[in-house]
> 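Sharing a structure here in structure tokens format.
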Amino acid sequence: MKTKHINISNIIHELEQDITENVFNTNDNSLFNGRAGVLILYYLLYENTQDSQYIDKIGDVITQIFQDINEDNYSGGNSFCNGLAGIGYALNLLKKKKIISEEFEVVLKDFDTILLQEIDACLHNKKFDFLHGGLGIALCLLERASENVLLQEKIDSFFSKYIFIVEEQIKKDNSLEFFDESGDYTAKYNLGMAHGLISNLCLLIKYSNQISHDVRSIIKAISDKILEFYKKENSCQFPSIIYTNRESTYNAPLGWCYGDNIIALGLLKSAVFLEDSYLYSIAEQVAINALKRDHERFVVKDAMICHGTAGVSYIYEKLYKITSNEKLKESSQKWFETTLDFYSVDEKSHSYKTYVGDDEYTSTISLLNGKIGIAIMLLMRENSNLDSDWDNILLLN
């Protein structure tokens, strides 16, 4: 352990410098992998320091994003992870926080038109993935619709149809066509946050008061479906994906994208929303049982949010805030200390590389898989009073 010798503020500063030096060296303008992600970091740094340089940096990044869009250099599509929905969400957040002017509303309305067309296509194809499909686009439009009656009517129409489709598919035990990473195998259900049922739960619960359709029945149906695959005697209690043509494996690592910890968080939110004490007791037990896997932090390959130590630490902090179980808080601290251990004093700006497989690492600014996300996690740990609205992009708010 090297943590006692590390100054977190210095690490954040070094990461921010490295990110700033490289943010214009990418053609990626997306929220989770490119330039739009740094807007979130700069906003939080401004909140933390009140230093106007970060407002200027936000302006520079936005200028570059729109320059690429206007010059037809944009090829990111419309998804929340890689496309216009994520960029639009970030800009709308900054507008709500009065970091950028109301003049951006004109551009955001153009985004709304494009995204409404895209979400209709997702509905038609039953593509309800969060990162790459309809649910991520819905997240952006829901945030926009809170102040737009006409847009709210259109998003209500989407959810009415979406809820009917998902409830019918679950009732008939048919496949739900989320993002399929399974290659030759056919995925039936995806239990993750990034591409599956947990993100559906978290989004429906978060926006239950805004969606005109009653969401209680679908939240109960999704929760019950997830519990069908619970094996409490296993070290890993849930699989990542349920297949139609092969046996599902219970070997998912802990993380934001998949894992017992994120499933526990989704089920706990569901239990609180439904006022279901039985579901709550199971969900809390899933979280507690996952603590037996704390030793896995020593074999995790990097510190990223998606399935690295920083993300696991943050999720355990969320679990603690719901349950007040001190063991979960202690686990959050353990995973945070391991996050600090990934920092290399010798390499400085080359620290916090992302593992890409076969013992290979790369340096990326990515919010989800790289340095932006790690810098945000460190900043939130250093100043727990910072605005936490940003983490709604991960459906953790």
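Residues: numbered from 1 along the sequence shown. This one's a predicted model, so the numbers in the text were calculated from it and none came from an experiment.
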> Say whether N397 and K206, considering side chains only, have a donor N or O and an acceptor N or O under 3.5 Å apart.
yes
> Does the side chain of N48 come under 3.5 Å of the side chain of N383 through a donor N or O and an acceptor N or O?
yes
> Does the side chain of T323 come within less than 4.5 Å of Y280's, by heavy atoms?
yes
> Mind checking the NZ-CZ spacing from K334 to F298? Nearest 0.5 Å is all I need.
8.5 Å
> Which Ile, Leu, Val, Met, Phe, Trp or Tyr residues join Y355 in one cluster when any pair of side-chain heavy atoms under 4.5 Å counts as a link?
Y361
> Using a 6.0 Å cut-off, check whether atom CD of E275 has over 12 heavy atoms from anything other than its own residue.
no
> So, K171 and E168, do they make that salt bridge, N to O below 4.0 Å?
yes
> Whether D391 and K318 form a salt bridge (side-chain N of Lys/Arg under 4.0 Å from carboxylate O of Asp/Glu) is what I want to check.
yes
> Are D112 and K154 within salt-bridge range, i.e. N to O under 4.0 Å?
no
> Under 6.0 Å between ring centres: does that hold for F238 and Y258?
no
> Is it true that the side chains of Q117 and T113 contain a donor and an acceptor less than 3.5 Å apart?
no
> Is any side-chain N of the basic residue among E228 and K225 closer than 4.0 Å to the acidic one's carboxylate O?
yes
> Taking the six-membered ring for Trp and the full ring for Phe, Tyr or His, determine whether the centres of Y43 and Y54 are under 6.0 Å apart.
no
> Report yes or no: do D173 and Y189 form a side-chain donor-acceptor pair below 3.5 Å?
yes
